[in-house]
Colleague: 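Please find one structure pasted underneath; my questions will follow.
Letters A, B, ... mirror the listed sequences (proteins, then strands); counts begin at 1. Here the structure is a predicted model, which means the values were calculated and not measured.
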Amino acid sequence: MPELPEVEVTKQGIEPYIQGKTVTGVNIYDGRLRWPVPKNLEKILSGQKVAQIKRRGKYLLFRMDDGHLIIHLGMTGVLRLHKPSDELKKHDRIEILFGQRVLRLHDPRKFGAVLWAGDESGEIEKHPLIAKLGVEPLSDDFNDEKAGLHLYQHAKGRQVSIKQWLLAGQAVVGVGNIYCSESLFSAGIHPQMAAGKLSLPRAEKLAVAIKDTLQRAIKAGGSSLKDFVNSEGDPGHFMLQTKVYDRAGLPCRVCQTNIKQIVQGQRSTYFCPKCQKR
DNA sequence: AGCTCAACCTGGCTGC
DNA sequence: TGCAGCCAGGTTGAGC
């Protein structure tokens, strides 16, 4: 479910209610996520205050008194605030109590993660899961002058397809399978082109396309999904109307050519064979 | 170092 | 209706 925009909207949705609040308890209903949830998480977190929530790529980093709580939503994770009395739903895996509010992770496929990184293990930026991540697409490090050049230099010499290169997240984080297809369409780049063939002008165009796609998705999510505090509602799918994703066989919204679907690196890619050039 | 691929897990949809 | 097979928003880690 969640690519960067979904994670960002989640962050913005829960932060006002959680920031400055103290953990009063933790319940683990099924801790067998991507990695086992630490069994002693309740002991670790109880009494600690949330100073701030940051997002790095698709990771949410809760700055606590003695370290960071790391949460990743995986493929199907949803974080929402509830009242403790709200009925548990199937696939609610873990909850963190803040007095009369409770943060629940609902994750059917269990690809999400809830981990603890204490300060003794170093700065959170050096954490093994965080350290290798690419540049933040919406940060100053990816502004107009630097962004295209950064992509161009990172892609140089790579034989892998530009779709797989972009999705891998080593150059830029947060571009998941949906917005990867969308961004390449927007930049007019064929997904099977070798990453190393990316010219500087096209890299600049791609950088703009990525930022624009993600920003618009965040806006769409922010408007369609303000309600992070109640139990109702399914915050799962709030996608923009897609240009190519999941539109195999349908006419391109620009040129009417049929959208094609292919598989790259075990993932589906959608593109317009006419609008997108190698 | 770069790249490919299997694996983690559950549910929903398609087609027989 | 039942069931097998395939697909799904992410990421790591093994192996070449």
Colleague: Residues in side-chain hydrogen bond (donor to acceptor under 3.5 Å, both in side chains) with Asn258(A), at least two apart?
Modeller: none
Colleague: Tell me which pairs pass salt bridge (charged side-chain N to carboxylate O under 4.0 Å, His left out) where either residue lies in residues 22-38 of chain A, with sequence neighbours left out.
Modeller: Asp30(A)-Arg32(A), Asp30(A)-Arg93(A), Asp30(A)-Lys110(A)
Colleague: When you list every nucleotide of DNA chain B with an atom under 4.0 Å from a heavy atom of chain A, which one comes first 5' to 3', and which comes last?
Modeller: dG2(B) to dG11(B)
Colleague: Quick one: pull up CZ in Arg267(A) and CD in Gln264(A) and give me the separation to the nearest 0.5 Å.
Modeller: 11.5 Å
Colleague: Taking N or O atoms only and anything under 3.5 Å, show me the protein contacts with nucleotides 14-16 of chain C, one pair per line.
Modeller:
none

Colleague: Calculate, to the nearest 0.5 Å, the distance between atoms CG and OG belonging to Leu166(A) and Ser181(A) respectively.
Modeller: 9.5 Å
Colleague: What nucleic acid atoms does Leu129(A) come within less than 4.0 Å of, heavy atoms only: base, sugar-phosphate, or nothing?
Modeller: sugar-phosphate
Colleague: Keeping to residues at least two apart or across chains, list the ring-ring contact (aromatic ring centres under 6.0 Å, His included) pairs with something in residues 188-207 of chain A.
Modeller: His190(A)-Phe271(A)
Colleague: Using atom CD of Gln266(A) as one end and atom P of dG9(C) as the other, report the distance to the nearest whole Å.
Modeller: 12 Å
Colleague: Would you please confirm or rule out a distance under 4.0 Å between OP1 or OP2 of dA8(C) and any side-chain N or O of Thr76(A)?
Modeller: no
Colleague: To the nearest 0.5 Å, what is the distance between CZ (Phe185(A)) and CD1 (Ile259(A))?
Modeller: 6.0 Å
Colleague: Does anything in residues 112-139 of chain A form a ring-ring contact (aromatic ring centres under 6.0 Å, His included)? List the pairs, not counting sequence neighbours.
Modeller: none
Colleague: Counting Watson-Crick and G-U wobble pairs with both distances under 3.5 Å, what is the dot-bracket string for DNA chain B, 5' to 3', using [ ] for crossing pairs and | for pairs to another strand?
Modeller: .|||||||.|||||||
Colleague: With clusters defined by side-chain heavy atoms of hydrophobic residues (ILVMFWY) lying less than 4.5 Å apart, directly or transitively, does Leu167(A) cluster with Leu4(A)?
Modeller: no
Colleague: Separation of Ile71(A) atom CD1 from dT11(C) atom P, in whole Å?
Modeller: 15 Å
Colleague: In whole angstrom, give me the gap between the P atoms of dC5(B) and dC7(C).
Modeller: 15 Å
Colleague: Other residues, nucleotides and ligands only: do more than 12 of their heavy atoms fall within 6.0 Å of CD on Gln100(A)?
Modeller: no
Colleague: Tell me: CG of Leu166(A) to P of dT11(C), nearest whole Å?
Modeller: 13 Å
Colleague: Does dT11(C) have OP1 or OP2 sitting under 4.0 Å from an N or O in the side chain of Tyr59(A)?
Modeller: no
Colleague: Using a cut-off of 4.0 Å on non-hydrogen atoms, how would the nucleic acid contact of Lys90(A) be classed: base, sugar-phosphate, or nothing?
Modeller: sugar-phosphate
Colleague: So, using side-chain hydrogen bond (donor to acceptor under 3.5 Å, both in side chains) as the criterion, who are the partners of Glu136(A) when residues are at least two apart?
Modeller: Arg55(A), Arg56(A)
Colleague: Quickly work out the Ile130(A) CD1 to dT11(C) C1' distance and round it to whole Å.
Modeller: 12 Å
Colleague: Roughly how many Å is it from CD in Glu6(A) to C1' in dA8(C), rounded to a whole number?
Modeller: 14 Å
Colleague: Looking at residues at least two apart in the chain, or sitting in another chain, which of them share a side-chain hydrogen bond (donor to acceptor under 3.5 Å, both in side chains) with His106(A)?
Modeller: Asp92(A)
Colleague: Report the residues that fulfil side chain to side chain contact (heavy atoms under 4.5 Å, CB included) with Glu145(A), sequence neighbours left out, ordered by chain and then residue number.
Modeller: Asn143(A)
Colleague: Using heavy-atom distances to pick each residue's nearest nucleotide on DNA chain C, tell me which of Pro128(A) and Arg109(A) is more 5'.
Modeller: Arg109(A)
Colleague: Write down the distance between CG (Asn177(A)) and P (dA8(C)), rounded to a whole number of angstrom.
Modeller: 8 Å
Colleague: For DNA chain C, determine which residues of residues 31-41 of chain A have any heavy atom closer than 4.0 angstrom to one of its atoms, and list them numerically.
Modeller: Arg34(A), Trp35(A)
Colleague: Just wondering, more than 12 heavy atoms not from Lys211(A) lying within 6.0 Å of its NZ?
Modeller: yes
Colleague: According to side chain to side chain contact (heavy atoms under 4.5 Å, CB included), who are the partners of Lys156(A), at least two apart in sequence or on a separate chain?
Modeller: Tyr152(A)
Colleague: Roughly how many Å is it from OH in Tyr179(A) to C1' in dG9(C), rounded to a whole number?
Modeller: 9 Å
Colleague: Look at the side-chain heavy atoms of Ile, Leu, Val, Met, Phe, Trp and Tyr, link any pair under 4.5 Å apart, and say whether Tyr59(A) and Val7(A) land in one connected group.
Modeller: no
Colleague: Could you tell me the separation between the CG atom of Leu115(A) and the P atom of dT12(C), rounded to a whole number of Å?
Modeller: 11 Å
Colleague: With nearest nucleotide decided by heavy atoms, which residue, Tyr270(A) or Lys132(A), maps closer to the 5′ end of DNA chain C?
Modeller: Tyr270(A)
Colleague: Taking only side-chain nitrogens and oxygens of His72(A), does any of them come within less than 4.0 Å of OP1 or OP2 of dT11(C)?
Modeller: yes
Colleague: In whole Å, what separates the C1' atom of dG9(C) from that of dC3(B)?
Modeller: 23 Å
Colleague: Which comes earlier along DNA chain B counting from the 5' end, the contact point of Pro108(A) or that of Gln164(A), where each point is its nearest nucleotide?
Modeller: Gln164(A)
